[in-house]
Amino acid sequence: MKKHTKYNTEVTGAEAVILALLDEQVTDIFGYPGGAIMPVYDALYDYMDQLNHYLVRHEQGATHAAQGYSRVSRKTGVVLATSGPGATNLITGIADAQIDSTPMVCITGQVHSHLLGTDAFQETDVVGISMPVTKWNIQVTKAEDIAPAIAKAFYIASSGRPGPVLVDITKDAQFGKTTYKYEKCESIRSYFPCPKVKDEDVLKAAELINNAQRPYILCGHGVLLSGAEKQLLAFAEKANIPVASTLLGLGAFPPKHPLYVGYLGMHGNYGPNLLTNECDLLIAIGMRFDDRVTGNVSKYAKQAKVVHFEIDPSEVNKIIPADAAVLGDAKEALELILPKIKVTKHTDWLKRFEDCNTIEFEKVIKHAVNPTSDKLLMAEVIDKFHKLSEGNAIVVTDVGQHQMITSRYYKPNIPNYFVTSGGLGTMGFGLPAAIGAKVALPNTEVVTVLGDGGFQMTIQELGTIMQSNIAVKILVLNNNFLGMVRQWQQLFFDRRYSFTEMKNPNFVAIANGYNIKGKKVTERKDLSEALQEMYESKEAYLLEVVVENEENVFPMVATGASVAEIRLE
C-alpha cells in the first residue's frame, strides 16, 4: 500500500481527493461507488490501510451514517457518491445535517465538463439542487482546484455554526494531472464564522440575569457543538437557575442534577413547558426557538425578558425577540459572563418545577413505566433499558412516537450520547446514524431505537452492518402503526386511521438473513432478559418488542396551542 509522501509530486485529481482527505486527518468514509466517481474509488484502493471505507446500501444511508459519526465524535463526517441518482440520493441527509448543524463533507462525481448541461447519462445539477440545503457547495472542473476546494469545504463545514458542504468534481478533473500541495484553510475573506463576543452585550445580559426573580435556562444543541457543558453547569450552579433542554440539547446538562428540570417541546416534560409562561427571564443558550419548543409564538413567554446566547446572527430575533443578545461561541460567552453573575437562590421558583414533576409523575409517568395492562408499552421498554445501561450507552433514535418516548425516558449521562433527527424529522435516520456512531466510537455500546415504519425506510443498511461487522444493537418497538400520525388521527381526526396501519414482515427473519442474531418479545415476563441479552451481545443484535398499538405519547402540546396548554392526557 502507498503512503502519503506525495507533496509536490504529480498526481491525478482523483488521488488528490484521497490525499486531501488524509491531510484533513480523515480516517473513515461512508460511500457508494459509481461511474462518475470511479477514478476516486480507484485511487482509494491504494490507501485502504489509511482510510476505512464503509459500503452502504443506499447513498442516503451514507449521509446519515456520516451524521451519526460526526455527532458523537465531533469530527466532520465524509461521504462519497457518484453523479445523478447517487448525488440526488444524498439530498435528504444533507438537508437533515443543515437544519441540525452537523458538519459533513459530501464529495460527488460528475460527468465530464464538456458534457455539463447536455443531459448526459447520470447528469444532474447537484450544485443547484443542493444549494438551499448546504452551507456551501462548489463544482470543480480542473484537477489543480481539487485540493483547495476540499480544504475550504472542511473549514466551512466545521467552523462557526457547522453544516454540510458539497464538492462536485467532474470526471475529467479526476483524470487530470496536478502537482499536489495542501494548505489547510483557516480563513476566507468575507466569511466570519464566529462573531467576537462583545463586553457590552455580556454586561447587559448579566444585569438582566442578576435582577431576575424567576430565571430559566433553555439549553440547546449549540452547547454541545461548542463543548460548553462545564461552563453551562458552572453558570447554572452559581446563579441557582433551573435548566431545561431541547431535544438536540439532551445530554448537555447532567440529567440527575437537581437544577435539571427536564426537556422542552411538543412531547417534553410538563413543568419545563408550562413554566415557560411563568418565568420572568428566559436565558436561551445555543438554541433557535424551534416551533416544537415555542408552540404558539403569539402566546409564548410574553411576560418574560429574553437573553439569547447564539453563534448565528440570523437566529437572533428571528422567532422570539431578544432583550439582550450575546453573539458568539457559547463556551466563550459563558466563560466571560460567569464572573459577572451573582450567587443567588431561587428556592420558591425551583419548587414550582418540583411540583409540576410530581403532577406529571402521578398522571403520566407512573402508569407508563408500570402499566397494569397486559400489553407492553414503549415507555416501560425504554425505562427498563435506561436502568440496564445506566444512561451510559449511545442511543440513536429514528423519528416518531418511539423517538419522543426515548427522549423522555432515556437520560444520557454523557454529552453527545443521544443522537436523533431533530429539525427535519427524517424517518430512516436511526439505523445508518447508529452505524456511523459505532464506527466513530467502536468501544462504546450503541443502541438504535426504531419504529417499525422508519426501520423499513433504511432496512437495507443491515447489509452494511453485516459486511463491515459493526456491532450495533437494534431495538425495534413494533406497534404495527405509523404511530405518531395515528396518534394525531385519533386525537384530531376522529380516529379516521387513513393509511397508518402497517402489515409488517418478520423482522427477526430478515435480520437472520443478514447474519444478525435476533429475538421477538411479546410478553412482559420475557422483556428484561431479552434486553440484557441484546445489550450484552458482542455482535450486532436485533430485538423486536411488540407494544400496544394505540399507545399515545403524553404530555403533548397540540399544534396552535400555547406551551401553557400542555395536555397530560
Side-chain angles (χ1 to χ4, degrees), residues 1-6 11 14-34 37-82 86 90 93 97 102-109 147 150 153-154 157-158 164-165 167 169 174 182 394 396 416 419 431-446 448 458 460-473 514-516 538-540:
M1 292 288 183
K2 296 179 183 178
K3 299 296 180 183
H4 180 11
T5 55
K6 293 299 184 92
V11 300
E15 189 171 11
V17 172
I18 304 302
L19 298 175
L21 294 177
L22 291 172
D23 279 323
E24 286 291 340
Q25 307 301 308
V26 173
T27 56
D28 303 286
I29 306 170
F30 305 92
Y32 202 96
I37 196 69
M38 203 177 301
V40 172
Y41 271 88
D42 183 67
L44 178 60
Y45 189 86
D46 291 324
Y47 292 90
M48 288 192 292
D49 60 336
Q50 298 171 68
L51 280 170
N52 302 310
H53 179 277
Y54 295 87
L55 179 64
V56 296
R57 296 309 189 259
H58 188 284
E59 290 88 353
Q60 181 181 341
T63 56
H64 294 327
Q67 287 177 274
Y69 181 93
S70 176
R71 293 270 287 274
V72 303
S73 68
R74 297 184 62 194
K75 298 177 182 177
T76 300
V78 179
V79 174
L80 281 180
T82 194
L90 302 179
T102 304
M104 180 167 68
V105 171
C106 297
I107 299 172
T108 55
I150 290 176
F154 274 88
S158 61
V165 301
V167 181
I169 308 174
Q174 297 173 51
Y182 198 81
I394 294 173
V396 183
N416 300 303
V419 180
L431 183 62
I435 290 171
K438 186 65 175 178
V439 168
L441 297 178
N443 296 321
T444 303
E445 291 298 334
V446 176
T448 182
T458 49
Q460 71 277 356
E461 298 308 330
L462 293 174
T464 306
I465 291 174
M466 176 180 67
Q467 181 161 342
S468 295
N469 194 28
I470 301 169
V472 169
K473 314 299 171 56
Y514 285 99
N515 295 328
I516 296 171
K538 302 300 181 186
E539 303 171 318

Can you name the closest pair of heavy atoms from [X] and [Y] and give their distance?
{"X": "Val78", "Y": "Asp28", "answer": "CB-O, 4.1 Å"}
{"X": "Ile150", "Y": "Ala20", "answer": "CG2-CB, 3.8 Å"}
{"X": "Ile37", "Y": "Gly109", "answer": "CD1-N, 3.5 Å"}
{"X": "Gln60", "Y": "His58", "answer": "N-ND1, 3.0 Å"}
{"X": "Val396", "Y": "Ala437", "answer": "CG2-CB, 4.4 Å"}
{"X": "Leu90", "Y": "Ala81", "answer": "CD1-CB, 3.9 Å"}

Sidechain-backbone polar pair: [X] side chain, [Y] backbone, donor-acceptor under 3.5 Å:
{"X": "Lys473", "Y": "Glu539", "answer": "no"}
{"X": "Gln67", "Y": "Thr102", "answer": "no"}
{"X": "Thr464", "Y": "Leu55", "answer": "yes"}
{"X": "Thr76", "Y": "Pro103", "answer": "no"}
{"X": "Glu461", "Y": "Arg57", "answer": "yes"}
{"X": "Ser70", "Y": "Lys75", "answer": "yes"}

Spatial distance of atom [atom1] ([X]) from atom [atom2] ([Y]) [nearest 0.5 Å]:
{"X": "Leu22", "Y": "Lys6", "atom1": "CG", "atom2": "NZ", "value": "11.0 Å"}
{"X": "Ile435", "Y": "Thr448", "atom1": "CD1", "atom2": "OG1", "value": "9.0 Å"}
{"X": "Leu21", "Y": "Leu80", "atom1": "CG", "atom2": "CG", "value": "7.0 Å"}
{"X": "Met48", "Y": "Ile18", "atom1": "CE", "atom2": "CD1", "value": "11.0 Å"}
{"X": "Tyr69", "Y": "Leu441", "atom1": "OH", "atom2": "CG", "value": "9.0 Å"}
{"X": "Ile465", "Y": "Lys438", "atom1": "CD1", "atom2": "NZ", "value": "11.0 Å"}

>> Tell me whether Tyr41 at atom OH has more than 12 heavy atoms from other residues, nucleotides or ligands lying less than 6.0 Å away.
In response: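 For Tyr41, atom OH is crowded (more than 12 foreign heavy atoms under 6.0 Å).
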> In chain order, what residues pass the side-chain hydrogen bond (donor to acceptor under 3.5 Å, both in side chains) check against Tyr182, with sequence neighbours excluded?
Replying inline: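 Listed in chain order: Glu24.
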> Does some side-chain heavy atom of Val26 sit less than 4.5 Å from a side-chain heavy atom of Val105?
Replying inline: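 Of all side-chain heavy-atom pairs linking Val26 with Val105, none is under 4.5 Å.
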>> If you apply the rule side chain to side chain contact (heavy atoms under 4.5 Å, CB included), what do you find for Gln174 with Val17, and how did you get there?
In response: CA-CA 8 Å; Gln174 297 173 51; Val17 172; 5.7 Å; no
